[in-house]
Protein chains: 2
Amino acid sequence: MKVCMGFALLLGLIAGFLTTIAYVPEVIKVFNTKDTKGISLLWLFTLLTGALLWFYYGVLISSIPVISANGVSALLIMLLIILKIKYK
Amino acid sequence: MKVCMGFALLLGLIAGFLTTIAYVPEVIKVFNTKDTKGISLLWLFTLLTGALLWFYYGVLISSIPVISANGVSALLIMLLIILKIKYK
């Protein structure tokens, strides 16, 4: 398939921005309330494993959107894991 | 970069499976409790837009893991939006 890679790159970066900022309200909520009862560690570790595998997949297929979105997501999920352990 | 595409495909599919099943507990919880107060429509529509853009990005770069993971995620998010509107 012929693709304008500049367009695909832009589209992927916007997609990654939207699905990554979805974590931010959760991080802010946990920072403010120090309440992490609603978040399970199993769920966080499932998401973290998924994000890290996506990151590696992004490296293998040389996709900047997949690498950047899942790199940032993995960092935000690690932050949630640290807060979950700290505030439990 | 030389890549064994079979390995990348498998890795991407596992990554997609992990980040997609992360939505399932939320869907089950909403089905059981009919309580959608904790979920905002703005957040759901942000995620849905992100998943649909990822889906289109996957088509542009011909990535089966990106297409399948975000196709299923988009369906689960649409289900949450329907439940959110139904139970509000």
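Per chain, numbering begins at 1; letters A, B, ... match sequence-line order.
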**Study point:** Residues of residues 67-78 of chain B contacting chain A, heavy-atom criterion under 4.5 Å, by residue number
**Key:**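 Within residues 67-78 of chain B, the residues that come under 4.5 Å of chain A (heavy atoms only) are B:A69.
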Check your understanding: Which of residues 40-52 of chain B have a heavy atom under 4.5 Å from any heavy atom of chain A?
Key ->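 The stretch touches chain A at B:W43, B:T46, B:L47, B:T49, B:G50, B:A51.
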Point to revise | Hphob cluster co-occupancy, A:V24 + A:L79, side-chain heavy atoms under 4.5 angstrom | key: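 Yes; A:L79 is reachable from A:V24 via cluster members.
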Point to revise | Path from A:L83 to A:I28 over hydrophobic side-chain contacts below 4.5 Å | key: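 Linked within one cluster.
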Check your understanding: Which residue pairs pass the ring pair (Phe, Tyr, Trp, His ring centres under 6.0 Å) test with at least one member in residues 53-88 of chain B, sequence neighbours excluded?
Key ->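 Qualifying pairs, neighbours excluded: B:W54-B:Y57.
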Practice item. Have a look at B:L53 and tell me which of A:T19, A:L18, A:L13 forms a side-chain contact (heavy atoms from CB on, under 4.5 Å) with it. Key: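 Among A:T19, A:L18, A:L13, the one that satisfies the side-chain contact (heavy atoms from CB on, under 4.5 Å) with B:L53 is A:L18.
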Check your understanding: Pairs in or reaching into residues 26-53 of chain B: which pass salt bridge (charged side-chain N to carboxylate O under 4.0 Å, His left out), with residues at least two apart or in two chains?
Key ->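 Matches after skipping sequence neighbours: B:D35-B:K37.
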